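In what follows, residues are counted from 1 in the order of the sequence shown. Remember, predicted model here, so these are calculated numbers, not experimental data.
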Amino acid sequence: MDIMKEYIRWLERATADEDIIKELQSMSNAPAEGSAGVSTGASVEASNGSSIEASIEDAFYRDLAFGTGGLRGVIGAGTNRMNVYTVAKASQGLADYVKKSFPKEQWKIAVSFDSRIKSDVFSQVAAGVFAANGISVFIYKELMPTPCLSYAVRRLSCAAGIMVTASHNPSKYNGYKVYGADGCQITTEAAAEILAEIEKLDIFDDVRTMDFPAGMANGLISYIDDDIYTDFVEEVKKQSVLFGDEIDKDVSIVYSPLNGTGLKPVLRTLKESGFGNITVVAEQEQPDGNFPTCPYPNPEIREAMTLGMEYAARCNADLLLATDPDCDRVGIAVKNEAGEYVLLSGNETGMLLLDYICSQRKKHGKMPENPVMVKTIVTIDMAERIARKYGVRTVNVLTGFKFIGEQIGFLEKQGKADSYVFGFEESYGYLTGSYVRDKDAVDGAFMICEMFAYYRTRGISLLDRLKELYTEFGYCLNTLHSFTFEGSAGFEKMQGIMAKFHEGLDMIGPKKVLTTLDYSRGLDGLPKSDVLKFLLEEDCSVVVRPSGTEPKLKVYISVSAKSRDSASEMEGKIVEALNGYFA
């Protein structure tokens, strides 16, 4: 791509969004009209102090990547940004794919969006493109969680769905998740086919568009009926595994939707299920894409949970819950014996839920025939030992909840959907039923509250139960380390680092590498993916993979040991050794 040529073309033609016009002009101090004043001199500085060439290059050096995670990027002007043009182009590619791949009666797409900056705008732009292509569009009237989108796709028999969100990323990001007819995020094969359609298009000349109001007026765009949302909530409530057991639901709960989509569905589900003693974090209650009190709105990160923990301390709450902006992840904190609030990891919460669900099913004779638990390869291995105790088979899949959803679909095709009892990933994603095919924090929050109340009624804390599990199955420490590589130079460095890891390692810190699993070759019947798992001596492992949605390399470390202290010490030595590769 000729970067300056494309930049000048955008100056001339990208006139639909005032924010884009202003940003394009600021990149080069271009005059308000035309492009004659564009400067290419290296000495000219942009307003932020960086060179004009750098700002233009980063915005235009590539097209925003499209893959199984759809689109995700910084909001702004350029081909490498999230804006009305890149969203419209992706939507045209998806529309062309749907029309080629499905009979006309299935030309239907469901749309939802979260609280992020321009999410509502992007969802309406996409809907207008689909409508202009003769595809029926069903869109939620207001922002709704990702699992509600997955539910609507299947309920309305759509060929596809889109969720406008960047999940837990900082406020400068937005994204565009694409779902297949099965309610899962698209497969590698479908992503490749959609990308091929997108790449055929000129971003200005080949995209059909229709104003959202016009699409509503002609019936090609319609709002999703409220009954579908209600049915989703009812499906979540059905996931209870009390089976008649009594619990005290008057536990004190603090909840934060982190300025996202979770407020209405989480509160509705909990209150309709009898959990009424709930305090909402006021500063994080209403949708706000700027995330003023949690710049990185990810319940995996302590900073995002800090305000909720302060609320919990003031209220002397029993349990803190927080869901990310598109409400597919949930994090929790509970009190220890000293009365201090302790954050549980996604692995710890997932193991507790797995154990609770399985124990309740076994106790009440509700365990299905040939039960299955599904987890990702980077999720704690100890979960497999817990599942085995209850006679539950574990299926390990690649990172990404779409692969868990895919396994549910395989079971459904065999008439065995009821065999699925639980699925989770270390990144705070949980699903207890087959009603959707993506992680669901509405369900996660509900099941966590039920589990918490069940144990508390019997004088047991979640930390007590976790200690019992570690005593029974041995201590296991899992940690995640992320390394960020922004811009074109960062992208190249990230590729170089992965290439070094692919050459192979004999040792990682003090641990010998026993086996290297290279998933880029398609191991264990899984799709090919640029993921490496190093199996180390004494039941330790390291997984390295590029993020599918962010400019990051992620490293997952698992250490088995006799105690937390010894595991932490060994994990530190492994991290120190790995840091040399990322310097």
message = Both conditions, 6.0 Å and 45 degrees, for the charged tip of Lys249 above the ring of Phe275: are they met here?
response = yes
task = Anything under 30° is parallel, anything over 60° is perpendicular, the rest tilted; go ahead and classify Tyr296 against His168.
result = perpendicular
task = Could you please spell out the steps behind the side chain to side chain contact (heavy atoms under 4.5 Å, CB included) verdict for Ile404 and Thr376?
result = CA-CA 8 Å; Ile404 296 176; Thr376 62; 4.2 Å; yes
request  = Locate the shortest heavy-atom distance separating Cys327 from Thr261; write the atom from each residue and the value.
outcome  = CB-OG1, 3.4 Å
ask   = Does one side chain, of Glu283 or Thr293, offer a donor that lies under 3.5 Å from an acceptor on the other?
value = no
remark   = CD1 (Ile253) and OG1 (Thr279) are apart, to the nearest 0.5 Å, by 9.5 Å
task = Verify whether one side chain among Asn174 and Thr165 offers a donor that lies under 3.5 Å from an acceptor in the other.
result = no
key: Interatomic spacing from OG in Ser488 to CD in Glu492 - rounded to 0.5 Å   = 6.0 Å
pair Phe291-Pro325: side-chain heavy atoms closer than 4.5 Å = yes
inquiry  = Testing the 3.5 Å rule here: is there a donor-acceptor pair between the side chains of Tyr556 and Thr399?
reply    = no
task = Give a yes or no on whether a salt bridge exists between Lys375 and Glu425, defined as a side-chain N under 4.0 angstrom from a carboxylate O.
result = no
message = Taking the ring of Phe422 and the ring of Phe424, is the distance between their centroids below 6.0 Å?
response = yes
message = Whether Arg314 engages the ring of Tyr311 as a cation-pi pair (distance to the six-membered ring centre under 6.0 angstrom, angle to the ring normal within 45°) should be assessed.
response = yes
request  = Check the pair Leu578 / Val542 against side chain to side chain contact (heavy atoms under 4.5 Å, CB included), numbers first and verdict last.
outcome  = CA-CA 10 Å; Leu578 288 169; Val542 172; 4.0 Å; yes
message = Looking only at the side chains, is there a donor atom on one of Asp318 and Ser252 sitting less than 3.5 Å from an acceptor on the other?
response = no
message = Can you give me the closest heavy-atom contact between Leu480 and Lys554, atom names plus distance?
response = CD1-CB, 3.9 Å
query = Do Phe122 and Phe113 make the cut of ring centroids closer than 6.0 angstrom?
reply = no
request  = Take atom NZ of Lys264 as the centre, draw a 6.0 Å sphere, and report whether it contains more than 12 heavy atoms from other residues, nucleotides or ligands.
outcome  = no
request  = Inspect the contact between Lys177 and Asp328 and indicate whether a charged nitrogen and a carboxylate oxygen are less than 4.0 angstrom apart.
outcome  = yes
query = Taking atom CZ of Phe66 and atom CZ of Arg72, what is their separation to the nearest 0.5 Å?
reply = 13.0 Å
query = Between Lys402 and Asp438, does at least one N-O distance fall below 4.0 Å, as a salt bridge requires?
reply = no
task = Might you point out which heavy atoms bring Leu321 and Ala445 nearest each other, and give the distance in Å?
result = CD1-CB, 4.1 Å
task = Could you verify whether a donor N or O on one side chain and an acceptor N or O on the other, from Asn298 and Arg329, lie under 3.5 Å apart?
result = no
message = Could you check whether Tyr454 and Gln360, counting side-chain N and O atoms only, form a donor-acceptor pair closer than 3.5 Å?
response = yes
task = Salt-bridge test for Lys573 and Glu576: reply yes if a basic N is under 4.0 Å from a carboxylate O, no otherwise.
result = no
key: Distance, nearest 0.5 Å, that separates CD of Glu23 from CD of Glu18   = 12.5 Å
Point-to-point distance, once rounded to the nearest 0.5 Å, from CG of Leu320 to CG of Leu307 = 9.5 Å
note = Residues Asp324 and Pro299: closest non-hydrogen pair is CB-CD, 3.6 Å
inquiry  = Assess, by modelled atom type and distance only, whether the side chains of Ser558 and Asn478 contain a donor and an acceptor separated by less than 3.5 Å.
reply    = yes
Val254 vs Leu319, side chain to side chain contact (heavy atoms under 4.5 Å, CB included): CA-CA, chis, key distance, verdict = CA-CA 6 Å; Val254 167; Leu319 174 66; over 6 Å; no
task = Give a yes or no on whether Lys22 atom NZ has more than 12 heavy-atom contacts from other residues, nucleotides or ligands under 6.0 Å away.
result = no
ask   = Relative to the ring of Tyr151, is the ring of Phe232 parallel (under 30°), tilted (30 to 60°) or perpendicular (over 60°)?
value = perpendicular
ask   = Of the non-hydrogen atoms in Thr269 and Ser273, which two are nearest, and what is the gap between them?
value = O-OG, 2.7 Å
query = With a 4.0 Å cut-off, would you call Arg116 and Asp326 a salt bridge?
reply = no
inquiry  = Check this for me: does any side-chain nitrogen of one of Arg81 and Asp58 sit under 4.0 Å from a carboxylate oxygen of the other?
reply    = yes
Nearest-0.5 Å distance that lies between atom SG in Cys476 and atom CG in Asn347 = 7.5 Å
message = If the threshold is 4.0 Å, N to carboxylate O, is there a salt bridge linking Glu340 and Lys335?
response = no
request  = Under the side chain to side chain donor-acceptor pair (under 3.5 Å) rule, what do Glu426 and Thr379 come out as? Steps first, then yes or no, please.
outcome  = CA-CA 5 Å; Glu426 44 68 47; Thr379 298; 5.3 Å; no
ask   = Can you check side chain to side chain contact (heavy atoms under 4.5 Å, CB included) on Leu149 and Met144, steps first, answer last?
value = CA-CA 7 Å; Leu149 185 277; Met144 281 286 173; over 6 Å; no
inquiry  = Checking side-chain polar atoms at under 3.5 Å, does Asn290 have a donor or acceptor matched by the opposite partner on Ser171?
reply    = no
Smallest separation among heavy atoms of Ala453 and Ile247, with atom names = CB-CD1, 3.8 Å
key: Heavy atoms of other groups near Asn579 CG, more than 12 under 6.0 Å   = yes
message = Assess whether a salt bridge exists between Arg545 and Asp530, defined as any Lys/Arg side-chain N lying under 4.0 Å from an Asp/Glu carboxylate O.
response = no
key: Between Glu450 and Tyr356: side-chain donor-acceptor atoms closer than 3.5 Å   = yes
task = Please determine, by modelled atom types, if Arg268 and Thr230 share a side-chain donor-acceptor pair under 3.5 angstrom.
result = yes
salt_bridge(Arg564, Glu348) N-O dist < 4.0 Å = yes
query = Strictly by modelled atom types, are Asp288 and Ser115 linked by a side-chain donor-acceptor pair under 3.5 Å?
reply = no
